[in-house]
Amino acid sequence: MEPNLLVLGGTTEATALCRAMSDAGVRGMISFAGRVARPVRQPLPQRVGGFGGVAGLVDYLRQAAITHVVDATHPFAAQMSRHAIAACSETGVPLTALTRAPWTPEPGDNWTHVADIDSAVAALDRPAARVMLAIGRMNLPAFAPRPQHFYLLRLVDPPETPPALPDHHIEVDRGPFSFDGDLALMRQHAISLVVSKNSGGTGAYAKIRAARALGLPVIMIARPDLPPRHEVHDAHAVLDWVGHASTDLGV
Ligand code: 3Y8
Ligand code: NAP
């Protein structure tokens, strides 16, 4: 049976993998949660929406005759990653994660490492600052107890309801972002502090480089812990893995 991959997408790396699979003639489907209005078009067939928990994903793997799962979701998409581990363990479908290393501070960086979103909120218990809060939409409600700051928010889609942050400016934009763009944006809003997820990769890194150039402190949120799983770090390694995993399975 020829490979038939399910790529759990939503990242730059997932898009690059879909391009590599299309070029190599490897069959598969990319999947999105449906978090934003228009996910970027991909060179593979795509599905949008949750599977319905682990059981739903198990059913999908069987019904779609998936031979391999590639978890190319964002490092903060921890629930999807846990579900993929559980469903592949239950069905015996091989799983690999296409991940990117966390960012590490470079000379000139002024980072405060925090464990999670709530620790970032605790770290904002300080006199009013001008904060670039570029962590997307989903975690914004957690910052309501820190109304003293001005917030520069960057969202993929305009919010249905205004965020509960009295002093904010919303930038509607989707990455990957550029150093020049983020430098200009941070100067335009006289940003004095950046809050960021340690997403890794290149698409969200512009604000970190811009903060370094401007000598700004960064509150860096560590990514959630995940159970151990097979991991690779680029699209070619995925295609190699599919070859080996297929031979092992005799598919
Ligand atoms: C729906 C699918 C590609 C993928 C591009 C990457 C890079 C640009 C940078 C900042 C940080 C943030 C956010 C971010 C980046 C890439 C990548 C990445 C960060 C899209 C996309 C989907 C999402 C979901 C969205 C979250 C949000 C997070 C915005 C597509 C554009 C902040 C993460 O409004 C919402 O509900 C947004 C939700 C999850 C985090 C959050 O909590 O709000 N990503 N982002 C995916 C789905 O439905 O399954 O349209 O392309 C993808 C990308 N966003 O193909 O080139 O690889 O990470 N995404 C973070 O890192 O902090 C923006 O503003 O500086
Ligand atoms: P999450 O919290 O880990 O997952 C919550 C639920 O959303 C999952 O249980 C699943 O629903 C559904 N889901 C998540 N990713 C999916 C996918 N690729 N395909 C189908 N269903 C998916 O996920 P999240 O953090 O909300 O991330 C959602 C999407 O945005 C993912 O594609 C992720 O890669 C992307 N993204 C997230 C972040 C971030 O900061 N979290 C950043 C950049 C991109 P069911 O249980 O019903 O199956």
Side-chain angles (χ1 to χ4, degrees), residues 6-19 29-44 46-61 69-87 97-100 102-103 116-117 120 132-143 151-161 163 170-179 181-182 185-186 191 194-211 218-224 226 235:
L6 171 64
V7 178
L8 300 172
T11 59
T12 306
E13 289 75 12
T15 297
L17 173 59
C18 289
R19 166 62 54 217
M29 167 79 68
I30 181 164
S31 174
F32 294 100
R35 282 272 179 277
V36 299
R38 290 172 315 288
V40 74
R41 288 297 307 156
Q42 299 283 341
L44 283 186
Q46 59 193 57
R47 67 173 295 289
V48 179
F51 296 97
V54 175
L57 180 52
V58 165
D59 289 348
Y60 180 84
L61 296 180
V69 175
V70 182
D71 177 359
T73 60
H74 190 274
F76 279 73
Q79 181 169 295
M80 186 70 255
S81 294
R82 290 178 188 282
H83 286 188
I85 292 166
L98 175 53
T99 62
R100 56 232 191 157
W103 299 319
D116 51 29
I117 297 281
M132 179 175 186
L133 187 59
I135 58 167
R137 170 184 63 90
M138 297 194 301
N139 303 113
L140 291 186
F143 290 83
Y151 290 98
L152 170 60
L153 307 176
R154 180 147 63 189
L155 305 177
V156 177
D157 296 317
E160 287 95 32
T161 54
I170 293 175
E171 191 77 12
V172 177
D173 198 359
R174 105 180 28 220
F177 301 103
S178 72
F179 169 74
D182 277 8
L185 188 65
M186 291 155 85
I191 297 302
V194 175
V195 177
S196 174
K197 292 175 177 174
N198 195 332
S199 313
T202 55
Y205 192 62
K207 60 186 179 288
I208 307 304
R209 284 184 57 207
V218 174
I219 294 176
M220 184 61 76
I221 303 167
R223 54 183 62 176
L226 284 172

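Whatever order the structure lists them in is the order used to number ligands and atoms, beginning at 1.
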| field | Nearest candidate to atom 6 (C) of ligand 1, where distance is taken over non-hydrogen atoms, out of E13, K197, M80, R100 | value | R100

| message | Show the atoms of ligand 2 that are less than 4.0 angstrom away from any heavy atom in H83. | response | 9 (O), 46 (O)

| said: I'd like to check whether A77 has a polar contact with ligand 2, where a contact means an N/O of the residue lying under 3.5 Å from an N/O of the ligand. | reply: yes

| message | Using a 3.5 Å cut-off on N or O atoms only, is K197 in polar contact with ligand 2? | response | yes

| request: Measure F177 to ligand 1 on non-hydrogen atoms and call it side chain, backbone, both or neither using the 4.0 Å cut-off. | output: side chain

| remark: Under 4.0 Å from one or more heavy atoms of G203, ligand 1 contributes atoms 7 (C), 9 (C)

| said: Any nitrogen or oxygen of S31, side chain or backbone, less than 3.5 Å from one on ligand 2? | reply: yes

| task | May I ask you to list the atoms of ligand 1 that are less than 4.0 angstrom from any heavy atom of I135? | result | 32 (C), 40 (C), 41 (C), 42 (O), 43 (O)

| Atom indices of ligand 1, in the order listed, that fall short of 4.0 Å to a heavy atom of T11 | 3 (C), 4 (C), 55 (O), 57 (O)

| query | Can an N or O of R35 be found at a distance shorter than 3.5 Å from an N or O of ligand 1? | reply | yes

| Heavy-atom side-chain contact between M29 and L44 under 4.5 Å | no

| query | Is the W103 ring parallel, tilted or perpendicular to the Y205 ring (thresholds 30°, 60°)? | reply | tilted

| task | Indicate yes or no: does an N/O atom of G34 lie under 3.5 Å from an N/O atom of ligand 1? | result | yes

| query | Hey, looking at atom 8 (C) of ligand 1, which of P39, A204, G175 has the closest heavy atom? | reply | G175

| message | Taking 4.0 angstrom as the limit and counting only heavy atoms of G53, give me the atoms of ligand 2 inside it, by number and element. | response | 45 (P), 46 (O), 47 (O), 48 (O)

| field | Test of proximity, G9 against ligand 2: N or O pairs below 3.5 Å | value | yes

| Can you list the ligand 1 atoms lying under 4.0 Å from a non-hydrogen atom of N139? | 42 (O)

| query | ligand 1 and D182, any nitrogen or oxygen pair closer than 3.5 angstrom? | reply | no

| Atoms of ligand 1 close to S199 [distance to a heavy atom under 4.0 angstrom, numbered from 1] | 60 (C), 61 (O), 62 (O)

| task | Check whether any N or O atom of S81, backbone or side chain, sits under 3.5 Å from an N or O atom of ligand 2, and answer yes or no. | result | no

| field | Sub-4.0 Å heavy-atom contact, G201 with ligand 1 | value | no

| request: Specify side chain, backbone, both or neither for A33, according to which of its non-hydrogen atoms lie closer than 4.0 Å to ligand 1. | output: both

| said: Give the atom numbers and elements of ligand 1 that come within less than 4.0 Å of a heavy atom of M138. | reply: 36 (O), 39 (C), 41 (C), 42 (O), 43 (O)

| message | Using a 3.5 Å cut-off on N or O atoms only, is V156 in polar contact with ligand 1? | response | no

| Any N/O of V40 closer than 3.5 Å to an N/O of ligand 1? | yes

| What atoms in ligand 2 come closer than 4.0 Å to a heavy atom of F76? | 25 (O), 39 (C), 40 (O), 41 (N)

| message | Counting non-hydrogen protein atoms only, what is the nearest one to atom 33 (C) of ligand 1? Give residue, atom name and distance. | response | H74 NE2, 3.9 Å

| query | Looking only at heavy atoms, is any part of T15 under 4.0 Å from ligand 1, and if so is it the side chain, the backbone, or both, or is it neither? | reply | side chain

| said: Tell me whether D157 has any N or O atom under 3.5 angstrom from an N or O of ligand 1. | reply: no

| field | Numbered atoms of ligand 1 (with element) below 4.0 Å of R174, judged on heavy atoms | value | 30 (C), 31 (C), 50 (O), 51 (O)

| field | contact_flag G136 ligand 2 heavy-atom lt 4.0 Å | value | no

| query | Out of A33, G175, G50, who gets a non-hydrogen atom closest to atom 11 (O) of ligand 2? | reply | G50

| query | Which is closest to atom 36 (O) of ligand 1 by heavy-atom distance: Q42, R137, M132, R38? | reply | R137

| task | Consider every N or O of R47 and every N or O of ligand 2, then say whether any pair is closer than 3.5 Å. | result | no

